[in-house]
Structure formats: structure tokens, C-alpha cells
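This report concerns only the one structure given below.
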Number of protein chains: 2
Amino acid sequence: MSHLRYSRLMAVDRDHVLRTAAALLTRKSTATMDEVAKAAGISRATLHRHFAGRDALVRALESLGIAECEAALDAARLDEGSASEAVRRLVSEIQPAAGLLAFLYGESQLWEAGQDAGWQRLDARMGALFVRGQQAGEFRIDLTPVWLTEALYGLIASCAWAMHDGRVAPKDFTHMVAELLLGGALRREES
Amino acid sequence: MSHLRYSRLMAVDRDHVLRTAAALLTRKSTATMDEVAKAAGISRATLHRHFAGRDALVRALESLGIAECEAALDAARLDEGSASEAVRRLVSEIQPAAGLLAFLYGESQLWEAGQDAGWQRLDARMGALFVRGQQAGEFRIDLTPVWLTEALYGLIASCAWAMHDGRVAPKDFTHMVAELLLGGALRREES
DNA sequence: CGCAGGTGAGACATTGATGTCTCATTGTGG
DNA sequence: CCACAATGAGACATCAATGTCTCACCTGCG
């Protein structure tokens with residue numbers, strides 16, 4: 001019994017700390033362990049009891065980001081309907097995690113990129129979506145799926161930062177990212 | 001006379017140091033002053049004589065990046081021909097500075113963004129290009145010029161990082177960035 | 001009541017980067 | 001050849017963040 005209660009309480013605290021840390025690091029990626037602790041309303045000592053160090057915290061945030069992306073991919077039902085609509089659903093579903101993704105995207109430039117199995121799985125699922133769109137004749141084939149995946153991450157991070165600075169309105173996130181990725185800046189004569 | 005020689009020698013050294021620093025920081029944005037000095041083939045003391053500190057170095061790199069962007073904007077002749085072609089010329093001209101821009105783009109998330117007059121001027125020039133394209137009926141009007149400018153920076157940085165990790169070939173830089181920004185992922189029925 | 005686990009506060013040593021300083025060396029121009 | 005200016009090498013103090021530790025507190029539960 002005591003073990004059950006213990007586990008549950010730890011899980012709740014851990015999740016709360018992670019979410020506030022994500023929110024803070026999204027705004028200030030160089031925030032100190034002390035600042036993270038204060039933001040979460042706990043002491044630095046307790047923060048250290050939950051996460052062995054800054055690396056452990058960032059790795060936990062990475063896991064959280066991966067999990068939220070996986071959830072967004074699931075919710076977007078990438079296999080259903082046209083690839084374009086799947087992309088729009090994906091961008092829409094991923095918006096709540098955009099800030100966290102932007103932080104992780106910036107951090108990932110420091111690590112050895114592409115080594116993590118979680119990211120590889122995400123890349124593969126997104127890449128498969130673009131491949132499907134290409135095979136269906138819906139997407140152009142001169143832009144590689146790898147680049148489209150990379151560009152999607154980049155546009156999400158760019159838009160998250162632009163929102164943070166007030167240059168893009170939050171309600172426009174999905175439209176700005178999805179429509180630029182899908183249709184680009186040029187007008188469509190046909191539509 | 002001695003003053004003239006002095007100035008010229010300093011200028012040459014300074015430029016060489018800046019370029020190697022840019023190349024290093026592009027790959028490892030957390031590189032130490034010591035690493036920067038070693039990369040430039042000078043001692044840390046000399047590096048400090050040229051740049052008062054890390055902040056001064058980064059600010060000098062920022063000036064260099066701005067200057068290279070301005071040069072690219074000039075070379076691209078944004079006022080000539082269609083806006084699409086101007087964008088393609090711009091991306092092509094800006095490629096040599098892509099790594100440095102990617103570094104600065106990542107760093108800028110730490111500063112108070114949009115405060116620098118140099119960046120504001122660049123943003124204005126790029127924004128004007130997108131406005132011209134919209135007014136000519138060439139670009140869609142539901143994507144704001146501010147977002148298109150932001151997206152251009154983001155795609156340049158993303159592609160620079162993807163090239164660094166070997167996910168995109170350097171020769172494809174212009175095509176990947178410009179075509180995605182202009183035309184997006186969807187196939188064009190008309191073309 | 002008493003206690004055990006979790007916590008907050010804070011002291012402490014450690015580490016890594018930074019900025020400053022000195023001194024010997026070099027090499028270039030006068 | 002001499003003098004000067006710049007450099008390289010390294011010692012040194014400083015500073016900020018980190019990780020570890022102790023101790024007091026409180027809170028719930030037996």
C-alpha cells in the first residue's frame with residue numbers, strides 16, 4: 001500500500017515538475033536548476049531528488065516531448081484520408097507541444113543528432129506520411145521525405161518562437177505551418 | 001603610416017578569426033573561447049585582445065552575419081523580375097552564410113529578439129519582397145510577410161543543420177529551401 | 001503520542017569557463 | 001643592431017552553476 005501511494009505521488013509531482021520546467025525552458029532555454037525549481041514551486045534539493053542533474057531533467061523532457069509527439073501522431077490518424085489532410089491534422093494536434101519541441105529542437109543541435117531511438121521512430125512515421133503522399137501523386141517528388149520531415153520540425157519551432165515574440169498569433173499556428181509546408185508561398189491558379 | 005599598417009593587419013587577423021570562429025560555432029555552438037582560439041590558430045590571450053569577451057565575439061559574429069545577409073540581399077536584386085525568382089536568387093546567394101545564420105538564429109532565441117537595428121533592416125527588406133509578391137498576385141495573402149520572413153530564416157537554419165548531419169546534400173540547399181518555401185510539398189497540377 | 005518519509009533551507013566543495021595579468025619570445029621596421 | 005609591438009604561454013582570481021551533504025521541520029499514519 002505504502003508503495004502504491006508513494007509511486008502515485010511521485011508520478012504526479014514528477015509530471016507537474018516536468019510541465020513547468022518545459023514551460024520555463026521554452027521561454028528561457030538557459031534557465032538554471034534553481035530557476036526551474038522555483039518555477040515548479042519546490043526547492044533545488046527536491047528537484048535534485050527527482051532528477052539526478054540537469055542532463056537527467058533534459059532527457060526527461062525529451063521523453064515527454066517524444067511521448068507528446070507520438071500521441072499527436074496517433075491522434076492525427078496519418079493513414080486516413082489524403083496525405084494533405086493528415087499533415088493538417090498532425091500540425092493541429094502537435095501545436096500544444098510546439099513550445100517544448102522548439103526547445104528540444106534547439107537543444108538537439110548540441111547532442112549527436114539522430115542517435116535517439118525515440119526520435120528515429122518519430123522521423124520514420126513522419127517520413128512514411130510524406131512517402132505516402134508522394135506515392136499517391138499528391139506530393140512532389142523533388143523534395144525528399146527526410147527534408148520535408150526536417151522542414152516540418154523547423155517550421156514548428158520557428159512558428160513557436162515567432163508566437164513567443166508576438167509575431168504570429170497562436171490561433172494562426174496550424175494554418176501558417178501547415179499551409180506553408182503544403183502549399184508554399186505561391187498562389188494556386190487552380191484553387 | 002604605422003597607424004595604417006596597424007589597422008590593416010588587425011583587420012586581416014580579425015576577419016580570419018571571425019570566419020574560423022563562425023565555422024566552429026556553426027558546428028558546436030557551445031565552443032569555448034579556448035576552442036575558438038585554437039581553431040583560429042591563436043592563443044586565448046590574443047583572442048581576448050581582439051574581442052573583449054565571448055559576448056563581444058558573438059556580437060561581432062552577428063555583425064558579420066548581418067553584413068553577409070545584406071550582401072546577399074544586394075546581390076539577389078530583389079526588385080528585379082518576379083518575386084519568385086528573386087526568392088530563388090536570394091536563397092542561392094545566402095547559402096554561404098547559412099551555417100553562420102543557423103548559429104545566430106539559435107542564439108537569437110536567448111536575446112531580446114527583434115531589438116537589433118541590423119536585423120530589423122534585414123527583416124524589412126525581406127518582408128518588402130514578400131509584400132511585392134503578394135501585391136503582384138504572385139504570392140498568397142493568407143500567409144503574412146512576417147511569417148514568410150520567419151519561415152525563410154527557419155528553413156535556412158533547418159537545412160544548414162540537416163546538411164551538417166548529412167541528411168541533405170549541400171548542392172540541394174537552394175532547391176530544397178526555395179522550392180519548399182515557394183511551392184510547398186504539394187504537386188502543382190498546372191506545371 | 002511518536003516516528004518515518006518527504007521536504008526546504010542552506011552550507012560546502014567542485015568544476016568549468018572567463019577575464020586579467022605577467023613575462024619571455026618573436027619578427028619587423030627604422 | 002635596436003626598439004617596439006604583437007604574440008604565446010601560463011599563472012591567477014573570479015564567478016556561476018552544479019552536485020552533495022546536513023539538519024530542522026512538518027505532516028500523515030500507525
Side-chain angles (χ1 to χ4, degrees), chain A residues 1-62 103-104 106-107 109-112, chain B residues 1-62 103-104 106-107 109-112:
Chain A
M1 280 298 272
S2 69
H3 268 65
L4 240 176
R5 184 187 63 83
Y6 175 81
S7 302
R8 255 185 286 146
L9 284 185
M10 294 298 277
V12 169
D13 279 344
R14 183 186 163 91
D15 192 74
H16 171 246
V17 171
L18 275 181
R19 305 234 165 240
T20 57
L24 174 61
L25 289 172
T26 289
R27 294 192 304 269
K28 187 184 176 188
S29 62
T30 59
T32 300
M33 292 292 277
D34 206 70
E35 295 174 283
V36 172
K38 277 188 171 42
I42 63 179
S43 73
R44 198 165 67 96
T46 302
L47 179 59
H48 238 281
R49 286 181 191 111
H50 287 310
F51 304 96
R54 190 173 221 283
D55 289 353
L57 176 63
V58 173
R59 262 183 281 119
L61 283 174
E62 193 185 3
F103 163 69
L104 294 173
E107 291 288 298
Q109 309 307 331
L110 307 179
W111 320 330
E112 314 87 31
Chain B
M1 279 299 273
S2 71
H3 268 63
L4 239 176
R5 182 188 63 82
Y6 175 80
S7 301
R8 254 185 287 147
L9 285 185
M10 293 298 276
V12 169
D13 280 343
R14 182 187 164 91
D15 193 73
H16 170 248
V17 170
L18 275 180
R19 306 232 165 244
T20 56
L24 174 60
L25 290 172
T26 290
R27 296 191 303 269
K28 187 184 176 189
S29 61
T30 59
T32 298
M33 291 292 278
D34 205 72
E35 295 174 281
V36 172
K38 277 189 170 44
I42 63 178
S43 73
R44 197 164 69 92
T46 302
L47 179 60
H48 252 282
R49 286 183 190 108
H50 286 310
F51 305 96
R54 190 175 220 283
D55 289 352
L57 176 63
V58 173
R59 262 183 282 119
L61 282 173
E62 193 185 2
F103 163 69
L104 294 173
E107 291 288 300
Q109 307 309 330
L110 306 180
W111 320 329
E112 312 91 28

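Sequence lines set the chain letters: A, B, ... in the order given, protein chains first and strands last, and positions in each chain run from 1. Atoms considered below: every heavy atom in the structure, side chains included; atoms not considered: hydrogens, waters and symmetry mates.
In this structure, CG of B:Leu47 is placed 15 Å from P of C:dA17, rounded to the nearest angstrom. Rounded to whole angstrom, the span from the CG atom of B:Asp13 across to the P atom of C:dG27 amounts to 15 Å. When the C1' atom of C:dA9 is taken as reference, atom CG of A:Asp34 falls 11 Å away, rounded to whole Å. Atom pair A:Met33:CE and C:dG8:P shows a separation of 14 Å (rounding to whole Å applied). Rounded to whole Å, the distance from CZ on B:Arg49 to P on D:dG8 is 8 Å. Counting to the nearest Å, the P atom of C:dG10 and the NE2 atom of A:His48 are 17 Å from each other. A:Arg44 has its CZ atom 9 Å from the P atom of D:dG19, to the nearest Å. As a whole-Å value, the separation of B:Ile42 CD1 from D:dA9 P is 11 Å.
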Applying side chain to side chain contact (heavy atoms under 4.5 Å, CB included), run through A:Lys28 and A:Glu35 and close with a yes or a no.
CA-CA 10 Å; A:Lys28 187 184 176 188; A:Glu35 295 174 283; 3.0 Å; yes
Go through it in stages, so that I can follow the logic: the residues are B:Val36 and B:Thr20, the test is side chain to side chain contact (heavy atoms under 4.5 Å, CB included), and I'd like the CA-CA distance, side-chain angles, deciding distance and then a yes or no.
CA-CA 8 Å; B:Val36 172; B:Thr20 56; 5.9 Å; no
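Salt bridge present: B:Lys38 and B:Asp34 bring a charged side-chain N and a carboxylate O closer than 4.0 Å.
Note: A:Leu104 CG to A:Arg59 CZ = 13.0 Å, rounded to the nearest 0.5 Å. Atoms OG1 and CG, on A:Thr46 and A:Asp13 in that order, are 9.0 Å from each other to the nearest 0.5 Å.
Regarding contacts with the backbone of C:dT7, every side-chain N or O of A:Thr46 stays at 4.0 angstrom or more from both OP1 and OP2. An OP1 or OP2 oxygen of D:dA9 is reached within less than 4.0 angstrom by no side-chain nitrogen or oxygen of B:Ser43. The phosphate of D:dT7 has OP1 or OP2 within less than 4.0 Å of a side-chain N or O from B:His50. OP1 or OP2 of D:dA17 lies within a sub-4.0 Å distance of a side-chain N or O belonging to A:Thr32.
The terminal axes of the helix from C:dC1-D:dG30 to C:dG30-D:dC1, fitted over 5 pairs per end, subtend an angle of 0° to the nearest 10°.
Shown for residues 51-60 of chain A: residues whose heavy atoms fall under 4.0 angstrom of DNA chain D, namely A:Gly53, A:Arg54.
When each of A:Ala45 and A:Ala31 is assigned the nucleotide of DNA chain D with its nearest heavy atom, A:Ala31 is the one assigned upstream, toward the 5' end.
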